[in-house]
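The structure appears right after this line, and notes come after that.
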Amino acid sequence: MSDSNTVYNYDSKVEGDIIFSRLDAVVNWVRQHSVWPMPMGLACCAIELMAAGGSRFDISRFGMEVMRFSPRQSDCMIVAGTVTYKMSEVVRRIYDQMAAPKWVVAMGACASTGGMYRSYAVLQGVDRIIPVDVYISGCPPRPEALLDGLMTLQKKIGREKSSRKLFTG
Amino acid sequence: MQDEFLNGLVESYDYLEKRSSVDWPAVNCPPDRLLEFLKMLRDVRGFDMLSDLTAIDNMDELPRFTVVYHLYDTQKHTLIRVASNCPEGEPPTMPTATGLWAGADWHEREAFDMFGIVFSGHPKLTRILMWDGYPHHPLRKDFPLAGKEVDLPAADVALATKEKVRPAPMAGGPFHSTPGGHMSESEPRGNDESWSEKKEKPSG
C-alpha cells in the first residue's frame, strides 16, 4: 500500500516513457486532431460538405469526421451556405450553445461575404454575428477546398495560447 | 379553340375583359365578382387546381396592385389566367381564395409578405418568407433591392452583436449574368465595378 508519504524513485523504465513539452503544445495537439464539426448546412455548400464526409474525399483522414448535429457536442461550426437575416438568429443561438473552445469556418462565398446575394434578405457575411476563424473561397468550394480550410484551422489551433485560458474559457 | 373558349367566356360574363397574353387565355375580373367567377371556373369549367397566385406592382399606374390567379384543368390540361385589380387604398385588399382552394393559403401569405396585399378572410395572414415584424414589403417597386436598415429579428442577438439589417453593398450591382460568351465573361457581375464597400461611388 502506498500513502502520501511514499517516495517514488524514477527507474529507467519509467523515465524512458516521459516526454517533456509545453502545455500549449500538448493541449493544442489534442484539440487539433479531434475537431468535431457542427454542420450548419444552409445551401448548396452543404452538398459539398456532405461529399467531403463521404468515402471519396474522406474527411476522417484528417481527424475531424465526427459530425455532430448537436451544438453541445461539437467545437467547430462549419457555416455552409447562405445566411439569411431570418436564419441569422438561429446561427447565432446555435453558436452560443456550443461549449468553448469553439471555432467557426465560413464555407463559401455566401457565408463569407453574402456572395452573389446582394439582397435585402441576406446577411452580408456571417462574421457580422459570429467570430470566424477560417474563410473558404468558392461557390461552392470543392471538398478539397473544405479539407484545406479545416487543415488551416488545425494549424491555427496549433498556434493558440490555449493554456492561458484553460480554466477561464 | 382557345380563342373560342375565351370569347365564349367573355360573352357569358359581361363583367370580364380580355387580357393580353402570349400563351393561355387571360381575363381581367373586377374584385367584387372575383370569387364567384373563380368558383364557377372550378365547379363548372373544370379548372380544379390553383396552379399559382401572385401579384403585380404597377407602381406609377392606377390601380397599383393586381393579383393574378393561374388555374389548371387537370383533365383537359389547359390553363387560364385571371387577373384582378385591387381597389385603391393602403393596404390593397382582395378577398381570399382559401375557401375555394386550400392551397391558396401559402400563396396569399407570400403575396402579403412581398407586396403587402391583405387577403380579407384569410385564416392566418402572417409573413411566410421574411420574419414576423419586418416592416417592409420587399417586392414593391419602391423598395430598393439592397434593403433598408431595420433591427435584426432577435433583440438579444442584436444586443450581443451590435448588428442591424443593413442595406447590402451593391458595388455596381445588381449582379447579373449575360447570355453567351466565355464563362469568365458571362458569369454574374455588376455593370460598374469601379467602386466597392471601401471606395465610394463617385458622385455625379
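Values below: all heavy atoms of this structure, side chains included; hydrogens, waters and symmetry mates excluded. A, B, ... follow the sequence lines: proteins, then strands. Residue 1 opens every chain.
Open room surrounds OH on A:Tyr117; 12 or fewer heavy atoms of other groups in view lie less than 6.0 Å from it. Around atom CE of B:Met59, more than 12 heavy atoms belonging to other residues, nucleotides or ligands sit under 6.0 Å away. Surrounding CZ of A:Arg56 are at most 12 heavy atoms belonging to other residues, nucleotides or ligands under 6.0 Å away.
Within the model, atoms CD of A:Gln124 and CD of B:Glu163 stand 10.5 Å from one another, a figure rounded to the nearest 0.5 Å. Put simply, CD1 on A:Ile129 and NZ on B:Lys162 are 14.5 Å apart, with the number rounded to the nearest 0.5 Å.
Near-neighbour residues of residues 135-156 of chain B relative to chain A, defined by a heavy atom under 4.5 Å from a heavy atom of that chain, comprise B:Pro138, B:Leu139, B:Phe143, B:Leu145, B:Ala146, B:Gly147, B:Leu152, B:Pro153, B:Ala154, B:Asp156. Of all residues spanning residues 89-122 of chain B, those with a heavy atom less than 4.5 Å away from chain A's heavy atoms are B:Met114, arranged by number.
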Which donor-acceptor pairs under 3.5 Å do side chains of residues 96-103 of chain A form with protein atoms, sequence neighbours excluded?
from     : atom 1 : to       : atom 2 : distance (Å)
A:Asp96  : OD1    : A:Arg92  : NE     : 3.4
A:Asp96  : OD1    : A:Arg92  : NH2    : 3.4
A:Asp96  : OD2    : A:Arg92  : NE     : 3.4
A:Lys102 : NZ     : A:Tyr95  : O      : 2.8
A:Lys102 : NZ     : A:Met98  : O      : 3.1
A:Trp103 : NE1    : A:Glu160 : OE2    : 2.8

Would you be so kind as to tabulate the donor-acceptor pairs closer than 3.5 Å made by side chains of residues 134-151 of chain A, with sequence neighbours excluded?
from     : atom 1 : to       : atom 2 : distance (Å)
A:Tyr135 : OH     : A:Asp127 : OD2    : 2.9
A:Arg142 : NE     : A:Glu144 : OE1    : 3.2

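Between B:Ala168 and A:Ser119, the shortest heavy-atom distance links the atoms CB-N, 3.6 Å. Nearest approach of B:Met130 to A:Lys86, heavy atoms of both residues: O-NZ, 3.7 Å. Shortest non-hydrogen contact noted between A:Arg93 and B:Val157 is NH2-CG2, 4.4 Å.
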